[in-house]
Amino acid sequence: QVQLVESGGGSAQPGGSLRLSCTASGETGSLYYMSWFRQEPGKEREGVAVIDKLGDTFFGDSVKGRFAISQDNTKNTIYLQMNSLKPEDTAMYYCAAESRRVGRYNILKRPNLSTYWGQGTQVTVSS
């Protein structure tokens with residue numbers, strides 16, 4: 001089993017920045033993808049960014065050029081650096097992880113492919 005714990009959520013003004021962290025524990029050796037999703041109440045979960053074990057990344061269209069994903073394998077932690085935040089970035093952000101090699105695009109477009117999920121951290125962008 002794998003446990004994922006997110007941190008770093010909070011409030012920011014439009015144009016501001018936040019950095020989220022997600023630390024994995026347990027049987028982390030088999031994990032191949034770690035990713036970020038977000039969800040607003042009443043809406044479907046949206047893929048934000050994914051990074052694989054080799055460090056290759058893929059981003060959702062709405063965050064390209066503004067968000068960056070990185071990893072520290074020594075700490076089993078991934079980060080989501082969110083810049084130029086917009087009110088529409090407001091959502092609950094979830095960390096997810098998966099061992100099967102199904103492709104970065106598929107991981108982001110099909111949330112049901114990720115086996116492990118964190119509890120989420122709220123991000124609110126408003127003036």
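What's counted below: heavy atoms across the whole structure, side chains too, no hydrogens, waters or symmetry copies.
- The hydrophobic cluster containing Trp36 also contains Leu4, counting ILVMFWY residues as joined when their side-chain heavy atoms lie under 4.5 angstrom apart, directly or transitively.
- Annotation: the span from Arg100 atom CZ to Ser30 atom OG amounts to 11.5 Å, rounded to 0.5 Å.
- We find the OG-CG distance between Ser114 and Asn106 to be 10.5 Å, quoted to the nearest 0.5 Å.
- Nearest heavy atoms, Ser35 versus Ile107: OG-CG2, 3.9 Å.
- Between Tyr79 and Ser21 there is a side-chain heavy-atom pair separated by less than 4.5 Å.
- For Asp52, the side chain to side chain donor-acceptor pair (under 3.5 Å) partners at least two apart in sequence or on another chain are Arg104.
- Counted by atom type alone, Arg38 and Ser62 present one or more donor-acceptor pairs between their side chains at under 3.5 Å.
- Between Cys95 and Glu6, the closest heavy-atom pair is N-OE2, 2.8 Å.
- Taking CG of Asp72 as the reference point, atom CD1 of Ile78 lies at 11.5 Å (rounded to 0.5 Å).
- In terms of heavy atoms, Tyr33 sits closest to Val102 at OH-N, 3.4 Å.
- Transitive grouping of hydrophobic side chains (ILVMFWY, heavy atoms separated by less than 4.5 Å) brings Val125 and Leu20 into a common cluster.
- Atoms CE and CD, on Met92 and Gln119 in that order, are 9.5 Å from each other to the nearest 0.5 Å.
- Looking only at atom types and distance, the side chain of Thr115 has a donor-acceptor partner in the side chain of Glu98 under 3.5 Å away.
- A salt bridge is absent between Lys86 and Asp89; no separation between the charged side-chain nitrogens and carboxylate oxygens falls under 4.0 Å.
- Counting non-hydrogen atoms of other residues, nucleotides and ligands closer than 6.0 Å to NZ of Lys109 gives a total above 12.
- The closest side-chain heavy-atom distance from Pro87 to Pro14 is below 4.5 Å.
- Across all non-hydrogen atoms, the minimal contact from Ala24 to Met34 is CB-CE, 4.1 Å.
- Hydrophobic clustering places Leu113 together with Tyr32 (ILVMFWY residues linked when any side-chain heavy atoms are closer than 4.5 Å, directly or through intermediates).
- Neither side chain, Asn76 nor Thr23, offers a donor N or O lying under 3.5 Å from an acceptor on the other.
- Minimum heavy-atom separation, Glu88 to Glu40: O-OE2, 4.3 Å.
- The two residues Tyr94 and Gly120 have their closest heavy-atom pair at CD2-CA, 3.6 Å.
- In the hydrophobic clustering of this structure, Val50 does not group with Phe59; members are Ile, Leu, Val, Met, Phe, Trp, Tyr whose side-chain heavy atoms approach within less than 4.5 Å, directly or through other members.
- Under the 3.5 Å distance criterion, with hydrogens and angles disregarded, no donor-acceptor pair is assigned to the side chains of Thr90 and Thr124.
- Taking CD1 of Ile69 as the reference point, atom CD of Gln81 lies at 12.0 Å (rounded to 0.5 Å).
- If you take OG on Ser17 and CZ on Arg66, they are separated by 10.5 Å, rounding to the nearest 0.5 Å.
- Within the structure, every pair that satisfies the ring pair (Phe, Tyr, Trp, His ring centres under 6.0 Å) test and touches residues 104-127, not counting sequence neighbours, is listed here: Phe37-Trp117, Phe58-Tyr105.
- Environment of CD in Glu27: sparse, with no more than 12 heavy atoms of neighbouring residues, nucleotides or ligands closer than 6.0 Å.
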